[in-house]
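All remarks here apply to the structure that follows.
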There are 2 protein chains.
Amino acid sequence: MSGSTRRAGRRGWKGWSTVSQRVPTVRDVAVRAGVSVGTVSKALNNRGQLREETRARVVAAARDLGFRPNALAQSLQSGRTYTVAVITTDRFGRFGNPLMLGVEDALGADRVSVFLCDTRDDPIREHHHAQTLDERRVDGIIVAGRRKQTRPPLAVASGVPVVYVIAQSSDPSDFCVTTDDVGGGALAGRHLLAAGRTHIGHITGPERFADPRERAAGLQSVLDSAGLDLAGGQVFYGEWSEDWGRRAAEMLLHAAPDTDAIFCGSDQIARGVVETLRDRRLRVPGDIAVVGFDNWEPMAAGCRPPLTTVDPNLREVGRVAATRLLDMIAGTPVQGSTETVPAWLMLRESTGVRLVDPQS
Amino acid sequence: MSGSTRRAGRRGWKGWSTVSQRVPTVRDVAVRAGVSVGTVSKALNNRGQLREETRARVVAAARDLGFRPNALAQSLQSGRTYTVAVITTDRFGRFGNPLMLGVEDALGADRVSVFLCDTRDDPIREHHHAQTLDERRVDGIIVAGRRKQTRPPLAVASGVPVVYVIAQSSDPSDFCVTTDDVGGGALAGRHLLAAGRTHIGHITGPERFADPRERAAGLQSVLDSAGLDLAGGQVFYGEWSEDWGRRAAEMLLHAAPDTDAIFCGSDQIARGVVETLRDRRLRVPGDIAVVGFDNWEPMAAGCRPPLTTVDPNLREVGRVAATRLLDMIAGTPVQGSTETVPAWLMLRESTGVRLVDPQS
DNA sequence: TTGTAGGCGTTATCAT
DNA sequence: ATGATAACGCCTACAA
């Protein structure tokens, strides 16, 4: 509970009043240390020339008082807030998590705090957030979409650095960090080829999205180089659901009974596929190898057998985005207009890799 | 890209310089409108007595200049930042998502921005964040743990309202909002009883955690009232994994072959259980009904059959926590030291509910 | 080596 | 009805 007067606003405290314990300012520290406010500032920021004894006295006074510099006042005069915002349309969805982790990796080292704004796919909300962030004078903004698409630039005051993630701005001069879906598809394809599979099918999400199309293109290019055709003669586009995975697997096996590998556009789809295979008494990876996409741990690891899957490296995407943003804030011009982060392959058992137990 | 001098700090802009477009202040608006800064403030905030014509002129000037009030300056003088922080130990995990959604539900209406801080279960990190938040003068803090346990109070300046979520503070005077796991367990139990099941088993997570114990207690109390015993004669405590669900289901069926319902401590466990049941040619819900816990949509809905599951109502927990925090900030004393949010049951097919298609 | 004063952008009080 | 001015808390020239 603990409520007491801790603010300095002239309006004073409007709540129930308790002991009036003002939060200490440089002035209080100065009085206690028997010096002036200027000296306090210098002592606490290691600036200027000060006698060691004085500095120590000030530091001690600050410590005794529990002095915390007011970041608002500091920012007001420095013009830097050490604050950035992440605007996500993702409804705090699962893709946002690794991304945020990466962002914090990069930002945490720099004492930068993060405003999290969820637009819930509502342009009104987004605009509202953009305005608020303007007013708060954030140093920079990361705009994260969950799909590869082009979106209008964030309506924000000119001059605030913005980095787009996955969904890129329609303004070609804006900078964007994104995943490598073509590369991810190719990775899966090469892995299956290396495992000796030659009849590879592909089941994925909606064709109207760019992401699944790119993944399919990556796979296709690898098959082309190997002189192979897609099992079933087509990409099975559908939905991002387990159920689609189940149904599409039936279709694929019906069209191409000799299929010996299936690359899936998501781990959810892959789970559905694996379930159908099990129902049909087909062994994974014995008869058919399966590769997923996302490396969504609980989905992929919980699968039986555990799923080999393409990890789009979202955490790294977040880290890169934040790093570039910091660069822009510092004034270092970032080169290029889009940076693509390579995907990598998480090897589990669904493609026949036998993981060696380090214990044995 | 767009980088220009937009800050007012005396240090000036250290980056590459472009057109020097200062961000407009009340002063600029005042000049353009031909009035004084005080008048601008009144006009823009609808305060004091002003001629309508003047007000309009000021508003127009502000609009023309793209004026955005500097929130830092406002906060400095008002003592309110309209900013709260959510500190989570959850590594941005999945439980944090619905929680954050609820928090934003409550906060969004009030123009309050959210700092998101992830401690990654590291007390050092937590302390560091607490200090930063102190300096930023946030109006309040929500501390969210992912498990029901007692934790030391957040080391933060006295006077900042703090609401704990799920994990409660060891200081009994601190306020906490949490889930109703006993109630959730009871809900599951009553539902299964109502479905005519009388041999109900329970498979759940580690016994050392309070959450699974409470869920088990809730189920047990319902069984007691009905004069029934737990199928298998014990709660099957284990891990939060599908694999444990698979193994435990074998054990339970071995111990009590007449089991006709299984309540699982998580949706992941439930998926494992369902898989084992399918392998054994047992129909769900025909032979055995299954109830999960979490209502983790992709897990529960992707299951075949879709999983009836207890929804711990995390979004509501977040909403309540934020609402109470706003109350505390406003000075309204919150009553009680813990508020428990009721769980509810998401009905799907794994307990025999036949969902009526609204189309037909 | 230390103190003084001005300003960051805004709001509120008190003159006018 | 409007203007001038003093805070809010801090930092940094510049003066002492």
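Quick note on labels: first sequence line is chain A, next is B, and so on, each numbered from 1. Just so we're clear, the structure is a prediction, and the values are computed from it rather than from any experiment.
- You'll find that the side chain of B:S36 is closest to D:dG3, out of D:dG3, D:dC11, D:dT2.
- Note on B:N45: a side-chain N or O is less than 4.0 Å away from OP1 or OP2 of C:dT11.
- In this entry the distance linking CD of A:Q77 with P of C:dG9 reads 11 Å, nearest Å.
- Distance A:R51 CZ to C:dG3 C1': 14 Å, rounded to the nearest Å.
- When rounded to the nearest whole Å, the span between CG of A:L76 and P of C:dG7 equals 14 Å.
- Position along DNA chain D of the nearest nucleotide to B:A73 versus B:G48 favours B:G48 as the more 5'-ward residue.
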Passes side-chain contact (heavy atoms from CB on, under 4.5 Å), B:R80 versus B:I329? Steps please. CA-CA 10 Å; B:R80 276 275 267 150; B:I329 291 170; 3.2 Å; yes

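- Set against C:dT4, C:dT10, D:dG3, the side chain of B:V35 has D:dG3 as its closest nucleotide.
- Both A:E52 and A:V37 sit near DNA chain C, but only A:E52 has its closest nucleotide nearer the 5' end.
- Ring-centre distance between B:F175 and B:Y164: not below the 6.0 Å cut-off.
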Going through the distances and angles, do A:D174 and A:V162 end up as a side-chain contact (heavy atoms from CB on, under 4.5 Å)? CA-CA 7 Å; A:D174 285 331; A:V162 178; 5.7 Å; no

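- Note: CG (A:L44) to P (D:dC11) measures 8 Å, nearest angstrom.
- In this structure, CZ of A:R22 is placed 11 Å from C1' of D:dG9, rounded to the nearest angstrom.
- The residue A:Q74 sits close only to the backbone: its heavy atoms come under 4.0 Å of sugar-phosphate atoms, none of a base.
- Under 4.0 angstrom from either OP1 or OP2 of C:dG9 there lies no side-chain N or O belonging to B:R27.
- Residue A:T25 places none of its side-chain N or O atoms closer than 4.0 Å to OP1 or OP2 of D:dC8.
- Picking from D:dG3, D:dT12, D:dC10 the nucleotide with the shortest atom distance to the side chain of B:K42 gives D:dG3.
- Contact between B:D118 and B:T88 at its shortest, heavy atoms only, is OD1-O, 3.2 Å.
- In this model, the phosphate group of D:dT12 is approached by a side-chain N or O of A:R47 to a distance below 4.0 Å at OP1 or OP2.
- Considering only side-chain N and O atoms, B:T54 lies under 4.0 angstrom from the phosphate OP1 or OP2 of D:dT2.
- B:Y82 places its OH atom 12 Å from the P atom of C:dT11, with the value rounded to the nearest Å.
- Atom CG of B:N46 is separated from atom P of C:dT11 by 12 Å (rounded to the nearest Å).
- The phosphate of D:dG3 has OP1 or OP2 within less than 4.0 Å of a side-chain N or O from B:T39.
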Please determine whether side-chain contact (heavy atoms from CB on, under 4.5 Å) holds for the pair B:R136 and B:T81, giving the CA-CA distance in whole Å, both sets of side-chain angles, and the decisive distance to 0.1 Å. CA-CA 8 Å; B:R136 294 193 186 282; B:T81 55; over 6 Å; no

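- Separating the CD atom of B:E53 from the P atom of D:dA1 is a distance of 13 Å, rounded to the nearest angstrom.
- OP1 or OP2 of C:dT11 sits under 4.0 Å from a side-chain N or O of B:S41.
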Go through B:H127 and B:I124 one step at a time and tell me if the side-chain contact (heavy atoms from CB on, under 4.5 Å) criterion holds. CA-CA 5 Å; B:H127 189 253; B:I124 309 286; 5.9 Å; no

